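So the structure is just underneath, and the comments pick up after that.
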Amino acid sequence: MRFINEIFTAPVGEVWTNERVAQAYNRAIDALPAESQEEVRAFVKFQLVGERSRRSVVADPLALSDFRSHAEAYERGADAALEQLAAQIRPAAVAAGVQFDALITTTSTGNVMPGLSYRLTERLGPTVRRDSMMVDLANVGCTGSSKALNLARSLGPEFRHILIAAVELPTTLINVHTTDLDTWQGNCTFGDGAAALWVSDNVEVGSTALSLEEFQYQQFADTGLDLIRWGYGDYFGFRLRDHATFEKDVKQTVAEALLQAESGWRDEPRWAIHPAGIALLMRLSRELKMPKDSIQPSVAHYRENSNMSSVSILFVLKELAAAAEVGSAVNLLTMGAGFNVIYGRVRRVR
C-alpha cells in the first residue's frame, strides 16, 4: 500500500480576472481582420462571462508572437514554479530524514531540456538520491498528474519515497493573432499552476496519509483521438474536433467510463473532479445523479484558478483532503487528450 503524505501547491504569476483578460483581448481583436472581429469578440465575451480568475506567468499575453517568445515564457515560468515547489519540498524531506527514490514530472504545455525532473532535482539537492529514477511525462494533457500517480502506485517496493511534480503553464500558449475559435477558447479557459505529491510506503511520515485505494484507466483512442489535440502555427495551439459539441462529447465519454466504476464511488460523496468547465461539471453531475454539492469544490477552484490542466486536480484534492475526516474517501476524476478518463479513490487514514 502506498500513501500520499504531502500535497504541495504553488500559485504562480499574477492574477488575471475575466475583466482584465477581456480588456487585453479586446485590444488584440481590434487588430484582427475586420470581417472576423464581431464573431471573435462575441465568442470571447461568452467564454469570459461571470466572475472568474486565473493566474499567468505571462506579463503581457499580447507580446507572445513567435516560437521564441512562447518557449522562453514557458521556461522562465517553469523555473519559477519549480523554485516555489522546492522551497516547500526540501524542508519537508529534510525534517522527515528521507530521500526520494524516484522523481516523476509531467507537463503538457511546454518543452524544456534538461527536463523538469532534472531542474527540480538541482533545486532539491541531496533530498534526491544520486541513483534516483527520473521520468518526464509529456503531452498527456489534463490527466498527466493522475497518470504519474498511477505510475508511482505501480512501482516496485524498492521505490519507497516518490516525488511527483506537475507544472502546467497554458497561458504561455496564448495566441491572440488568429481568428480560430478553438484557439480563443483555449485562451479564455486556462490558467497556470504547479503542484507536487510526496508518495511513500510509510503511513507515518509527512503531514497526512491518503491511501491509494483504487485507480481505473480507460482510453478511447478509437473514437476520441482528435477530440483534443495540438494545432500548429508559430507555436503549439489548442484545437478541438468541434468546439460546438465538445462538452457533449466529453460528457458522454466520461459518463460511460464512470458508470463502469460505479460500485467504487456511489456511496462516497466527496469528489475532486478536473474542472474542465462549470457547464461540463454540471452536466456530468446530472448525468450520473451525483449529489449537488459534490461538484462544488471543483467549481470553486475553477472560479478562482480556471483550468490549470493536470495541476487542478491536485489543488482540489488538497482542499478536500484537509477537510476530510480520518476514514473518509475522496474520489478523483480526470479526463484529457487521447481521449482518456481516469477514476481513482484515496482514503484518509491519518
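On a predicted model such as this, the values are computed, not experimentally measured, just so you know.
- Taken together through direct or relayed side-chain contacts under 4.5 Å among Ile, Leu, Val, Met, Phe, Trp and Tyr, Tyr343 and Ile295 form part of one hydrophobic cluster.
- Screening residues 313-330 for side-chain hydrogen bond (donor to acceptor under 3.5 Å, both in side chains) gives Thr9-Lys318 as the qualifying pairs, with residues at least two apart or on separate chains.
- Taking both residues in full, the closest heavy atoms of Ala10 and Ala81 are given as CB-O, 4.4 Å, listed atom of the first, atom of the second, then distance.
- Side-chain contact check for Val316 versus Ile273: every heavy-atom pair is 4.5 Å or farther apart.
- Without hydrogens or angle criteria, Ser145 side chain to Ser310 main chain gives a donor-acceptor distance under 3.5 Å.
- Under a 4.0 Å N-O distance rule, the pair Arg239/Asp182 does not qualify as a salt bridge.
- When the ring pair (Phe, Tyr, Trp, His ring centres under 6.0 Å) test is applied to Tyr25, the partners found at least two apart in sequence or on another chain are Trp184.
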Could you walk me through whether Thr223 and Phe339 pass side-chain contact (heavy atoms from CB on, under 4.5 Å), step by step?
CA-CA 8 Å; Thr223 58; Phe339 190 79; over 6 Å; no
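- Using a 4.5 Å heavy-atom threshold, the side chains of Val341 and Thr334 count as separate.
- Under the 4.5 Å side-chain heavy-atom criterion for ILVMFWY residues, a single connected hydrophobic cluster contains both Val176 and Val44.
- Atom CD of Gln88 is surrounded by more than 12 heavy atoms from other residues, nucleotides or ligands within 6.0 Å.
- Residue pairs satisfying the side-chain hydrogen bond (donor to acceptor under 3.5 Å, both in side chains) criterion with at least one member in residues 191-202, sequence neighbours excluded, are listed as follows: Asn5-Ser200, Arg160-Asp201, His161-Trp198, Thr171-Asp192.
- Using a 4.5 Å heavy-atom cutoff, the side chains of Leu240 and Gln185 are in contact.
- Leu314 and Tyr217 end up in the same hydrophobic cluster when Ile, Leu, Val, Met, Phe, Trp and Tyr side chains are linked at under 4.5 Å.
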Step by step, would you call Ser306 with Arg52 a side-chain hydrogen bond (donor to acceptor under 3.5 Å, both in side chains)?
CA-CA 7 Å; Ser306 294; Arg52 178 165 57 91; 2.7 Å; yes
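- Of the inter-residue distances, the one linking Leu124 atom CG with Thr127 atom OG1 reads 4.0 Å to the nearest 0.5 angstrom.
- Contact of the Val12 side chain with the Leu169 side chain is registered, since non-hydrogen atoms from C-beta on lie closer than 4.5 Å.
- In summary, the side chains of Glu168 and Thr109 do present a donor paired with an acceptor at a separation below 3.5 Å, with no hydrogens or angles considered.
- Annotation: ring pair (Phe, Tyr, Trp, His ring centres under 6.0 Å) contacts of Phe67 (sequence neighbours excluded): Tyr235.
- Side-chain contact, Thr178 with Asn175: no donor N or O sits under 3.5 Å from an acceptor N or O.
- Contact of the Glu75 side chain with the Met113 side chain is not registered, since no non-hydrogen atoms from C-beta on lie closer than 4.5 Å.
- To the nearest 0.5 Å, atoms CE (Met134) and CG (Leu163) are separated by 10.5 Å.
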For residues 151-159, tabulate all N or O donor-acceptor pairs below 3.5 Å that involve a side-chain atom, not counting sequence neighbours.
| from | atom 1 | to | atom 2 | distance (Å) |
| --- | --- | --- | --- | --- |
| Ser154 | OG | Asn150 | O | 2.8 |

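- Of the possible polar contacts, none joining the Asn305 side chain to the Gly191 backbone as a donor-acceptor pair under 3.5 Å is found.
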Working note: Thr208 + Arg348, criterion side-chain contact (heavy atoms from CB on, under 4.5 Å); need CA distance, chi angles, decisive distance, verdict.
CA-CA 8 Å; Thr208 190; Arg348 184 170 183 180; 3.7 Å; yes
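- No side-chain heavy atom of Leu103 sits under 4.5 Å from any side-chain heavy atom of Met133.
- Side-chain contact between Thr183 and Asn187: present, with at least one pair of heavy atoms (C-beta onward) separated by less than 4.5 Å.
- Between Arg270 and Asn331, the side chains place no donor N or O within less than 3.5 Å of an acceptor N or O (distance only, hydrogens not considered).
- Judged as a salt bridge (charged side-chain N to carboxylate O under 4.0 Å, His left out), and not counting sequence neighbours, the contacts of Asp79 are Arg119, Arg123.
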Could you walk me through whether Arg54 and Arg303 pass the side-chain contact (heavy atoms from CB on, under 4.5 Å) test, one step at a time?
CA-CA 8 Å; Arg54 79 281 293 141; Arg303 285 178 173 152; over 6 Å; no
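- The two residues Leu85 and Ala196 have their closest heavy-atom pair at CD2-N, 4.1 Å.
- Heavy atoms only, all atoms of each residue included: Ser298 and Pro275 are closest at O-CB, 3.7 Å.
- For Phe315, the ring pair (Phe, Tyr, Trp, His ring centres under 6.0 Å) partners at least two apart in sequence or on another chain are His301.
- The salt bridge (charged side-chain N to carboxylate O under 4.0 Å, His left out) test applied to Glu39 returns no partner, not counting sequence neighbours.
- Heavy-atom minimum distance, Thr179 versus Ser36: CG2-CB, 3.5 Å.
- Every salt bridge (charged side-chain N to carboxylate O under 4.0 Å, His left out) that Arg129 has, sequence neighbours left out, goes to Asp101, Asp131.
- Follow the hydrophobic side-chain contacts under 4.5 Å out from Val167 and you reach Val128 in the same cluster.
- Residue Thr17 holds its OG1 atom at 9.5 Å from CG of Leu48, rounded to the nearest 0.5 Å.
- Contacts of Ser207 classified as side chain to side chain donor-acceptor pair (under 3.5 Å), with partners at least two apart in sequence or in another chain: Glu6.
- Note: the hydrophobic cluster containing Phe8 also contains Leu82 (ILVMFWY, side chain heavy atoms under 4.5 Å, direct or indirect links).
- Within the model, atoms CG of Leu173 and OG of Ser108 stand 10.0 Å from one another, a figure rounded to the nearest 0.5 Å.
- Between the OG atom in Ser117 and the CD atom in Glu122 there is a gap of 12.5 Å [rounded to 0.5 Å].
- When the salt bridge (charged side-chain N to carboxylate O under 4.0 Å, His left out) test is applied to Glu72, the partners found at least two apart in sequence or on another chain are Arg68.
- Residues Gln37 and Ile29 approach most closely at CG-O, 3.3 Å, considering heavy atoms.
- Checked by atom type, the side-chain pair Gln216/Gln218 shows no donor-acceptor distance below 3.5 Å.
- Note that CZ of Phe220 is 11.0 Å distant from CE of Met335, once rounded to the nearest 0.5 Å.
- No side-chain heavy atom of Ile164 sits less than 4.5 Å from a side-chain heavy atom of Thr105.
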Should Asn307 and Thr189 be marked as a side-chain hydrogen bond (donor to acceptor under 3.5 Å, both in side chains) after you check the CA-CA gap, both sets of side-chain angles, and the distance that decides it?
CA-CA 6 Å; Asn307 179 346; Thr189 298; over 6 Å; no
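- Annotation for Ser65 and His70: closest pair N-NE2, 4.4 Å, computed over non-hydrogen atoms.
- For Phe190, the ring pair (Phe, Tyr, Trp, His ring centres under 6.0 Å) partners are Phe238, not counting sequence neighbours.
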Going through the distances and angles, do Phe43 and Gln47 end up as a side-chain contact (heavy atoms from CB on, under 4.5 Å)?
CA-CA 6 Å; Phe43 183 80; Gln47 295 294 317; 3.5 Å; yes
